[in-house]
Protein chains: 2
Amino acid sequence: MNGSSKDDLLQLENFLCFSVYSAGHAFNRIYKPLLDELGLTYPQYLVMVALWQEDNQSVRSIGEKMYLESNTLTPLLKRLEANGFVVRKRDPEDERSVRVRLTEVGKVLREKAQDVPPCILEATGLDTETAKRLNRDLRTLRDQMDASVKKL
Amino acid sequence: MNGSSKDDLLQLENFLCFSVYSAGHAFNRIYKPLLDELGLTYPQYLVMVALWQEDNQSVRSIGEKMYLESNTLTPLLKRLEANGFVVRKRDPEDERSVRVRLTEVGKVLREKAQDVPPCILEATGLDTETAKRLNRDLRTLRDQMDASVKKL
DNA sequence: CAACATTAAATCGTGCACAATTTAATTGCA
DNA sequence: TGCAATTAAATTGTGCACGATTTAATGTTG
């Protein structure tokens with residue numbers, strides 16, 4: 001009469017990967033209306049957060065923080081540039097790399113974006129401590145999985 | 001001297017959404033080589049799990065379980081059909097809906113897919129109990145966020 | 001039963017992700 | 001010095017996600 005039968009392994013809801021997958025989509029959905037007002041998509045917003053944290057980063061540096069590569073970032077950054085939030089420019093020190101810098105508009109956007117995180121936290125229904133714990137657990141999980149990938 | 005300054009709110013790593021986002025990508029990466037052997041993408045695999053759990057579902061039913069809609073599922077299911085894993089057929093009872101059924105190949109694939117979950121669990125580095133707890137917390141989070149979306 | 005509303009898929013356009021490849025600059029070392 | 005290896009972005013092609021709209025079948029109501 002215990003709850004764990006062999007069938008449980010095939011229940012979608014029992015897949016940790018599916019919970020991460022569907023929670024990711026749910027985040028996307030709650031961010032959407034808030035980010036629409038800023039003129040950003042969800043991944044663009046995350047890149048902007050990385051740039052507000054440290055301006056004038058190379059594509060490679062942004063990629064390391066975001067776990068993304070140039071094939072994803074280049075078009076995304078071009079859109080941010082087309083929308084006037086950043087400027088992309090080859091690094092004179094090393095012409096292979098491209099430096100991404102915030103425009104004035106991009107810097108000002110940070111102020112408007114201040115309201116977003118509290119709104120999201122409220123929508124999650126989590127208290128700060130639980131959110132922190134979950135965050136820590138998920139970072140550990142991600143790092144462990146990335147380490148597994150590299151091992152093979 | 002405490003660890004929580006105002007700046008912490010702008011650190012990418014302190015964003016719960018980013019941890020979910022990047023953990024999702026990490027899952028994708030560890031699943032990739034295993035699913036390549038089955039001839040499935042990661043979202044296709046999740047749909048197959050839903051069908052192994054319950055065959056002969058409508059697109060709508062699959063969508064409810066996956067939190068996806070026909071604009072995502074229709075092309076995905078067509079690819080599964082093109083690859084011989086499922087058959088799509090209008091429901092004679094209600095010609096609006098489309099029934100998705102596993103082919104023999106699709107059913108047999110389930111056996112080959114048995115090895116996947118234990119491999120993934122190992123790559124996560126989590127013990128079963130921690131994985132279950134995380135899973136439960138993430139489902140709660142997702143459901144809470146979805147409820148927030150609908151409220152507005 | 002006829003007009004209207006609702007429902008289920010499909011279609012279309014945009015923007016991620018990512019594998020594989022290409023282009024160009026820099027580094028290293030024979 | 002010169003040339004192969006390495007590195008950084010960009011490009012190309014495929015497959016999700018998702019908003020908005022369309023098409024077609026079913027329900028509902030006067």
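Proteins come first, then strands; the chains are lettered A, B, ... in the order of their sequence lines, and each starts at number 1. The figures here come from the full heavy-atom set of this structure, side chains too, leaving out hydrogens, waters and symmetry mates.
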Practice prompt. Begin with the C-alpha distance, continue with both residues' side-chain angles, and end with the deciding distance and a verdict on salt bridge (Lys or Arg N to Asp or Glu O under 4.0 Å) for B/Asp36 and B/Lys32.
Written response: CA-CA 6 Å; B/Asp36 277 350; B/Lys32 185 96 186 14; 3.1 Å; yes

Item to complete: For salt bridge (Lys or Arg N to Asp or Glu O under 4.0 Å), just list the numbers for A/Arg142 and B/Glu13, CA-CA rounded to whole Å, side-chain angles, deciding distance to a tenth of an Å, and then say yes or no.
Response: CA-CA 12 Å; A/Arg142 179 198 62 208; B/Glu13 286 292 331; 3.2 Å; yes

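If you measure from atom NZ of B/Lys32 to atom P of D/dC16, you get 11 Å, rounded to the nearest angstrom. Nucleotide D/dG15 holds its C1' atom 12 Å from the CG atom of B/Asn83, rounded to whole Å. With rounding to whole Å, B/Asn71 atom CG is found 9 Å from D/dA20 atom C1'. Note: OH (B/Tyr42) to C1' (D/dA17) measures 14 Å, nearest angstrom. Rounding to whole angstrom units, CD of residue A/Glu81 and P of D/dA9 are separated by 14 Å. The interatomic distance linking A/Leu40 (CG) with C/dG15 (P) rounds to 13 Å, in whole Å. C/dC16 atom P lies 10 Å from atom CE of A/Met66, rounded to whole Å. Computed from coordinates, the A/Tyr31 OH to D/dA17 C1' distance equals 18 Å when rounded to whole Å.
Proximity note for B/Leu76 (side chain, C-beta onward) versus C/dC16, C/dT11, D/dC16: the nearest is D/dC16. Ranking C/dA10, C/dC18, D/dC16 by closeness to the B/His25 side chain, first place goes to C/dC18. Checked against D/dC16, D/dC18, C/dC18, the side chain of B/Thr41 finds its nearest nucleotide in D/dC16. The side chain of B/Thr74 has C/dA9 as its nearest neighbour among C/dA9, C/dG15, D/dA9.
Along DNA chain D, the nucleotide closest to A/Ser61 and the one closest to A/Arg29 are compared, and the more 5′ of them pairs with A/Ser61. Summary of the strand contacts: B/Asn28 and B/Arg60 both lie near DNA chain C, and taking for each the nucleotide with the nearest heavy atom, the more 5' one is attributed to B/Arg60. For the pair B/Lys78 and A/Ser70, nearest-nucleotide mapping onto DNA chain C gives the more 5' position to B/Lys78. Taking for each of B/Tyr67 and A/Val59 the nucleotide of DNA chain D with the nearest heavy atom, the 5'-most of the two is the partner of A/Val59.
For the atom pair CD of A/Gln44 and CG of A/Leu77, the computed distance is 9.0 Å after rounding to the nearest 0.5 Å. The line from CG of B/Leu126 to CE of A/Met145 is 8.0 Å long, rounded to the nearest 0.5 Å. Taking CG of B/Leu138 as the reference point, atom CG of A/Asp137 lies at 9.0 Å (rounded to 0.5 Å).
In the model, A/Lys65 has a side-chain atom that pairs as donor or acceptor with a side-chain atom of A/Gln57 under 3.5 Å. Between the side chains of A/Asp127 and A/Thr130, at least one donor N or O lies within less than 3.5 Å of an accepting N or O.
For DNA chain D, runs of at least 3 consecutive pairs of the Watson-Crick or G-U wobble type, with both hydrogen-bonding distances under 3.5 angstrom, map to C:1-30 with D:1-30.
At a threshold of 4.0 angstrom between heavy atoms, the contacts of A/Leu73 with the nucleic acid are absent. Within the 4.0 angstrom heavy-atom criterion, only backbone atoms of the sugar-phosphate kind lie near A/Gln44; the bases stay farther away.
Of the residues in residues 87-97 of chain B, those lying under 4.0 Å from DNA chain D by heavy-atom distance are B/Asp94, B/Glu95, B/Arg96.
Hydrophobic clustering places B/Met48 together with B/Val105 (ILVMFWY residues linked when any side-chain heavy atoms are closer than 4.5 Å, directly or through intermediates). When the side chains of ILVMFWY residues are joined at heavy-atom separations under 4.5 Å, either directly or via intervening members, B/Tyr42 and B/Leu40 end up in a single hydrophobic cluster.
The closest donor-acceptor contact from the side chain of B/Ser58 to the backbone of B/Ser61 lies under 3.5 Å.
Phosphate proximity of D/dT14 to B/Arg79: absent, as no side-chain N or O sits under 4.0 Å from OP1 or OP2.
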